[in-house]
2 protein chains.
Amino acid sequence: MQIGIVAKKIGLSVDAIRFYERNALLPRPPRTRGGFRQYAETDVETLAFIRRVQGLGFKLSEIRGLLNLRGNRLQPCAPVRRRLQEKLSDVQQKLASLHNLERDLRLALRHCNREMRKRSAHCPILRERNPSKPEGAK
Amino acid sequence: MQIGIVAKKIGLSVDAIRFYERNALLPRPPRTRGGFRQYAETDVETLAFIRRVQGLGFKLSEIRGLLNLRGNRLQPCAPVRRRLQEKLSDVQQKLASLHNLERDLRLALRHCNREMRKRSAHCPILRERNPSKPEGAK
DNA sequence: GTACACCCTGGAGGATAGTCTAGAGTCAAC
DNA sequence: GTTGACTCTAGACTATCCTCCAGGGTGTAC
C-alpha cells in the first residue's frame, strides 16, 4: 500500500504520516526500488492507534511511550492504566480551572450588565482596578 | 519608572513587557537620554489590564482589540460584553469536550480494569480496534 | 513511450507566548 | 571614577503538530 492510500484510509495527510515516521511513532516501512514507501496492514493499525489515543488527549511524545509498551507482551496493562489515570487527573484539573474561568466570565458579564443598565459611560472591565480577581484560571 | 520596577510591580518578566511593546499591546514609552524606557502609572494600569483579561482566557491578539476599545470613550461596554459572551461560549464548548474526554478516559480505565481482573495478557487499549470511539474530544 | 498522478527529500513556516543570549551601554551610589 | 546592578538590541530558541514548498523521480495505464 502506498502512502496516499494509507492516508486516505485513516484520514490523515501524507505529510502527517511522514512526520510520524520522522518522529519515531511509525516504523520505517520497506521501499520499492524507486524509493516509495510500502505499508502493511499493521502500519494502518498503528496509525489508527495513534489517532485513537490522540483522541484521548495524549501528546505524540506520550503516544511514543505507549507504542513502546505495545511492543512487548509482558502484561503491559498496568503501565497503560497508570498513564490513563494520570491523564484523567490532568483532564480533571483542566476542568476545574475552566470552571473557574467560566465563573469569572459570568461575573464580569454581570458587572457589565449592571453598568449598562445604569447607562454609565465607563465599562467596568476596561476601567476597574480589580473587578473580580480572576486568579484560578489556567 | 524603569522597566525592572514595573516588571516587579506587576509580576511579569522584563522580557514579557518588551514583548508586549513589540506586539503593540503597550505603547512605546519615552526614553532617557541613555535609551532606558520610562514608564508612567498608566502603563502599569495597562499591564494590569492585560494580565486581568488574560486571566479571563483572552489571547494577546484579542487583548489588543480590547485595548483599542479602551482608547475611545463612546460607550464601549457593548462590544466588550459581546466579546465576553463569545469567550464564555468558547469556554463552555471546551468544558463540554473535556467532559466527553473524561468520560472516555473513565471508560478506557474500566476496560483496563476488567482485563486485569481476568489476568489477561493483552491490554484492551493497546490491542482493541475501537474500544470506545473517542470522538467527541477536542 | 508518454501522460499524469503520485511520491521523494530537505527545509521553511506558522500559531502562541514568551524566554534566553551575547555583547554592549547606562545609571546611581560611593 | 569606579563598581555593580540594571538596561539596550537583535535574533535565536522553546514546545506542539503538523503544512507547504521546490525540484526532481516513479508507477501505471493507454
Side-chain angles (χ1 to χ4, degrees), chain A residues 1-40 43 46-47 49-67 87 90-91 94 97 101 137-138, chain B residues 1-26 28-40 43 46-67 87 90-91 94 97 101 137-138:
Chain A
M1 237 178 311
Q2 62 185 35
I3 195 167
I5 310 286
V6 175
K8 213 161 280 165
K9 232 175 174 172
I10 289 288
L12 280 170
S13 73
V14 165
D15 275 329
I17 295 176
R18 287 196 280 244
F19 174 79
Y20 292 159
E21 182 183 325
R22 260 205 309 292
N23 289 276
L25 286 153
L26 198 60
R28 264 165 227 195
R31 305 287 187 116
T32 63
R33 258 158 305 129
F36 283 25
R37 289 171 178 81
Q38 282 189 303
Y39 290 104
D43 296 308
T46 300
L47 285 169
F49 173 76
I50 292 172
R51 290 257 84 171
R52 196 166 72 235
V53 296
Q54 204 176 25
L56 288 174
F58 284 82
K59 294 183 205 165
L60 295 188
S61 57
E62 297 168 326
I63 296 176
R64 199 162 31 232
L66 290 172
L67 284 166
K87 192 51 66 179
D90 283 359
V91 167
K94 269 187 207 151
S97 107
L101 183 49
K138 194 197 158 173
Chain B
M1 239 178 308
Q2 63 185 36
I3 196 167
I5 309 287
V6 175
K8 212 161 281 167
K9 229 174 175 173
I10 288 288
L12 280 169
S13 72
V14 165
D15 276 329
I17 294 176
R18 287 196 281 242
F19 174 78
Y20 292 159
E21 182 184 326
R22 261 205 309 292
N23 289 276
L25 287 153
L26 198 62
R28 265 165 229 193
R31 306 284 187 119
T32 63
R33 258 159 305 131
F36 283 23
R37 290 171 178 79
Q38 281 188 304
Y39 290 103
D43 297 308
T46 300
L47 286 169
F49 173 77
I50 292 172
R51 291 256 83 172
R52 197 165 71 234
V53 295
Q54 203 176 28
L56 288 175
F58 285 82
K59 294 183 206 166
L60 296 188
S61 57
E62 296 168 326
I63 295 175
R64 200 161 31 230
L66 290 173
L67 285 165
K87 192 53 64 180
D90 284 359
V91 167
K94 267 187 208 147
S97 109
L101 183 50
K138 199 207 152 166

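Each chain gets a letter, A, B and so on, in the order the sequences are listed, and its residues count up from 1.
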Subject >> Under 4.0 angstrom between B/Gln54 side-chain N/O and C/dG18 OP1 or OP2 >> reply: yes
Subject >> Shortest non-hydrogen contact between A/Ala7 and A/Ser13, atoms and distance >> reply: CB-C, 4.1 Å
Subject >> Minimum heavy-atom distance between A/Thr46 and A/Leu25, given as atom pair plus value >> reply: CG2-O, 3.9 Å
Original post:
Among residues 27-34 of chain A, which contact DNA chain D at a heavy-atom distance under 4.0 Å?
Top reply: A/Thr32, A/Gly34
Original post:
Can you list, by residue number, the residues of residues 10-20 of chain B that have a non-hydrogen atom closer than 4.0 angstrom to DNA chain D?
Top reply: B/Arg18
Using atom [atom1] of [X] as one end and atom [atom2] of [N] as the other, report the distance to the nearest whole Å.
{"X": "A/Asn23", "N": "C/dG10", "atom1": "CG", "atom2": "C1'", "result": "14 Å"}
{"X": "B/Ile63", "N": "C/dT16", "atom1": "CD1", "atom2": "C1'", "result": "12 Å"}
{"X": "B/Glu21", "N": "C/dA17", "atom1": "CD", "atom2": "P", "result": "18 Å"}

Subject >> Residue whose closest nucleotide on DNA chain D lies nearer the 5' end, A/Leu60 versus B/Arg22 >> reply: B/Arg22
**OP:** Any pair with a residue in residues 53-67 of chain B that passes salt bridge (Lys or Arg N to Asp or Glu O under 4.0 Å), sequence neighbours left out, goes on the list, sorted by first then second residue, please.
**Re:** B/Glu62-B/Lys87
Original post:
Who passes side-chain hydrogen bond (donor to acceptor under 3.5 Å, both in side chains) against B/Gln38, sequence neighbours left out?
Top reply: none
Subject >> Any residue meeting side-chain hydrogen bond (donor to acceptor under 3.5 Å, both in side chains) with B/Lys8, in chain and number order, not counting sequence neighbours >> reply: none
Original post:
Can you pull the side chain to side chain donor-acceptor pair (under 3.5 Å) pairs that have at least one residue in residues 22-36 of chain A, sequence neighbours excluded?
Top reply: none
Does any non-hydrogen side-chain atom of [Y] lie less than 4.5 Å from one of [X]?
{"X": "B/Tyr20", "Y": "B/Leu12", "value": "yes"}
{"X": "B/Ile50", "Y": "B/Ile10", "value": "no"}
{"X": "B/Leu60", "Y": "B/Gln54", "value": "yes"}

Original post:
In degrees rounded to 10°, what angle is found between the helical axes fit to the five outermost pairs at each end of the helix from C/dG1-D/dC30 to C/dC30-D/dG1?
Top reply: 20°
**OP:** Nearest-nucleotide wise, let me know which of B/Gln2 and B/Ser61 is further upstream toward the 5' end of DNA chain C.
**Re:** B/Ser61
Subject >> Those residues that, when tested against A/Tyr39, pass side-chain contact (heavy atoms from CB on, under 4.5 Å) (two or more places apart) >> reply: A/Met1, A/Ile3, A/Val6, A/Ile17, A/Glu21, A/Leu26, A/Pro29, A/Arg37, A/Asp43
Subject >> Distance in Å, A/Arg52 CZ paired with A/Leu66 CG, rounded so as to fall on 0.5 Å steps >> reply: 10.5 Å
Original post:
Which nucleotide span of DNA chain D, 5' end to 3' end, has atoms closer than 4.0 Å to non-hydrogen atoms of chain A?
Top reply: D/dT16 to D/dG27
